[in-house]
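Working notes for the structure below.
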Amino acid sequence: MNKFRSHKCNELNKKDIGKDIILSGWINKKRDHGNLLFIDLRDNYGVTQCIIEKQNKNFSELEKIQLETVIQVFGKVVNRSKDTINKELETGEVEVSIKDFKILGTCKELPMPVFSDQEYSEEIRLKYRFLDLRRKKIHENIILRSKVISFIRNQMHELGFLEFQTPILTSSSPEGARDFLVPSRLNPGKFYALPQAPQQFKQLIMVSGFDKYFQIAPCFRDEDARADRSPGEFYQLDLEMSFVEQEDVFEVVEKLLVNTFKKFSKKKLMFNKFPKISYSEAMLKYGTDKPDLRNPLIINDVTEIFNRDDVSFEIFKKLIKSGSKVRCIVTKNTKNKPRSFFDNIDKWAKSQGASGLAYFTIENDKEIFAKGPIGKFFSKDALREIMKKTLAEDGDSIFFACDKQIEVEKIIALARDKIARDLELINENIFAFCWVVDYPMFEIDSQTNKINFSHNPFSMPQGDTDKINFEKPLEILAYQYDIVCNGIELSSGAIRNHIPELMYKLFSVAGYTEDQVNEKFSGMISALSYGAPPHGGIAPGIDRIVMLLANEKNIREVTMFPMNQNAQDLMMNAPSKINEKQLKELNISLNLKK
RNA sequence: GGGGGUGUAGCUCAGUUGGUUAGAGCGAUCGCCUGUCACGCGAUAGGUCGAGGGUUCGAGUCCCUUCACUCCCGCCA
């Protein structure tokens, strides 16, 4: 028998009555009746009620003991009378009558209670993360995370993938996010970078002939945090396959995600076969490349209708002349909604920095007409045209936004979400996955007016490689895809460009010379020149998958030891200063701003 | 870098129009209590009202500055 325990705190039941047992765990809660003391003992597995009476020599010491002290209990399992059974507890039919006990770990006065449903500030939770992690909800989230990762590993092995580790100290790359840098002692003045993703390595693994690779890979990006984005590090299910087309990658990922989400959540999947939406369609219909398909509202472009002579809404007409677009959202059967419903949405839009949302409601008084602030600007014909275009009917309302394309997409996408939430159109008990495909290879940087890679410079452009028109780079589409669930981007991936000559051409469009490409991506270019297989892959975000499964909105709720928004670890005091000797070894001197 | 929110006891929070000695619950300490499972009852201790400055006879409350945490924008191939 183990020195510390004969049973775990979830194990004892009626069959064990009469047995002498040993339990070890934390004191979750005490209930002191003066001559009778109840102690709820907790471990990772559950809670067992222990009981001691005044006659016992240990009574007064146990009565004084702090919550969260770790103790070992020697006792006998006893029956509970019918009216004292606790159905909430796995062990609730029995209790342990304490004979003796031993303190294994003392506990000072707690900075935050462990046994409580109260919410605490992030500051205190992160500083005392080890206490926070004892609490039920987050403890279960972390266990869920472990199970999900283990399940995914098994699935990947079953699907024929091999897991490999890739370097953590690697080289800085010019594209993408800001790198975390590590100075090199042996190479003065030079720096390693932590990988933003094992992107180049996984392609090199394919060139090395391993066919199917995966890794639960740590990724490091020095970018500012969000609720769903940890500063510093996060994990991806990184995978790559040789001799595949886009569809082959989709098949693997769909299988994996369907299995995982069915196993770990009670929520239903909206689609077992994930719909594919092109990037341009997503931007038009949803205003974003991460559409929440639980939301039934669809955006329409009605710019043309506002150009008609029988539409006299001059504000929009003027904006359209200077290049703006009009996008709209139809809400079904909202003619009886109170004025405040519409006003709130307009007010909300203004708070989001838009000039507001114009709207009218379609009503029928013998003849159809538009009622509302801008209704009077439309002729019957124009109104019918809008209804035809947007499939709006009598009783529906239409909200309009007008701005430059990028701006109007942004605000109408937010409005789509806001309106759906106000009308409670989103079913929270569903996972709606979709693929967003056909991303453009390049985009224009709005600040510098230069052409940049819009996603990944290593993606394969679509079409016959001989016939790609490099004169119109913005029209080149890539075999580049994202997977989105409930409006959350889970991952992006691509079929890679394994042809060096084509890569040089694409990089030259983005302003890189051949020499620059050779210098920055020497390993990759070299590898692709010695017989590279066609290959492609994807990298779903583990943290976000677990977030969805745990039904959490904040990534720190599924991360064991996260940093705060300023990328500090309050428990470990990271980052921290280093001493002169360390700096000297690294040939580094500090030049801090006052 | 910018915008919003929050900051009062160890923890979670209340604190009215600027007005007496800043309150509650949990926790801590002490006492009572033999069937609780958020046990109950009584008492005690515990406060730089985030910090600094200002207005005022008087500031937790109003004004300015600043710090911390958080949410969002920028950023995130």
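Letters go in sequence order (proteins before strands), and every chain restarts at 1. Just so we're clear, the structure is a prediction, and the values are computed from it rather than from any experiment.
Atom P of nucleotide rG74(B) and atom CZ of Arg178(A) are separated by 14 Å, given to the nearest angstrom. Taking atom CD on Glu223(A) and atom C1' on rG74(B), their separation rounds to 10 Å, with Å as the unit. We find that CG of Leu67(A) is positioned 13 Å from C1' of rC11(B), with the value rounded to whole Å. The interatomic distance linking Glu53(A) (CD) with rG35(B) (P) rounds to 11 Å, in whole Å. At whole-Å resolution of the value, CG in Asn86(A) and P in rU36(B) are 11 Å apart. Atom P of nucleotide rC37(B) and atom CD of Glu88(A) are separated by 12 Å, given to the nearest angstrom. What separates CG of Asp32(A) from P of rC37(B) is a distance of 14 Å, to the nearest Å. For the pair Gln196(A) CD and rC76(B) C1', the computed distance is 9 Å after rounding to whole Å.
Straight-line distance between the C1' atoms of rG4(B) and rG47(B): roughly 29 Å, to the nearest whole Å. Across rC32(B) and rA68(B), the matching P atoms stand 49 Å from one another, rounded to whole Å. Across rC67(B) and rU36(B), the matching C1' atoms stand 46 Å from one another, rounded to whole Å. For the P atom pair drawn from rA45(B) and rG7(B), the interatomic distance equals 28 Å after rounding to whole Å. Rounded to a whole angstrom, the distance from the C1' atom of rA38(B) to that of rC26(B) is 10 Å. Across rG3(B) and rU65(B), the matching P atoms stand 11 Å from one another, rounded to whole Å. Straight-line distance between the C1' atoms of rG46(B) and rG23(B): roughly 13 Å, to the nearest whole Å.
Checked by distance alone, Glu123(A) brings no side-chain donor or acceptor within 3.5 Å of a matching partner on the base of rU70(B). In terms of polar N and O atoms assigned as donor or acceptor, the side chain of Arg229(A) comes within less than 3.5 Å of the base of rC75(B) in a complementary pairing. Below the 3.5 angstrom threshold, one finds no donor paired with an acceptor across the side chain of Arg556(A) and the base of rU70(B). The base of rG74(B) sits with one of its N or O atoms less than 3.5 Å from a complementary donor or acceptor on the side chain of Asp224(A). Under 3.5 Å, the side chain of Arg80(A) and the base of rC37(B) form at least one donor-acceptor pair of N or O atoms.
Between rC71(B) and Gln565(A), a contact under 4.0 Å exists linking OP1 or OP2 to a side-chain N or O. Within the 4.0 Å cut-off from OP1 or OP2 of rC39(B), at least one side-chain nitrogen or oxygen of Arg31(A) is found. In this structure, Lys410(A) reaches the rG74(B) phosphate: one of its side-chain N or O atoms is under 4.0 Å from OP1 or OP2. In terms of phosphate contacts, Gln49(A) brings no side-chain nitrogen or oxygen within less than 4.0 Å of OP1 or OP2 of rG35(B). OP1 or OP2 of rC39(B) has at least one side-chain nitrogen or oxygen of Lys29(A) nearer than 4.0 Å.
Remark: Arg80(A) does not engage Glu93(A) in a salt bridge, criterion side-chain N to carboxylate O under 4.0 Å. Under 4.0 Å is where a charged nitrogen must lie from a carboxylate oxygen, and between Arg421(A) and Asp417(A) at least one such pair does.
Base pairing in RNA chain B yields stems of at least 3 consecutive Watson-Crick or G-U pairs, both distances under 3.5 Å, namely B:1-7 with B:67-73, B:10-13 with B:23-26, B:28-32 with B:40-44, B:50-54 with B:62-66.
RNA chain B is contacted by no residue of residues 127-141 of chain A, taking any non-hydrogen atom closer than 4.0 Å.
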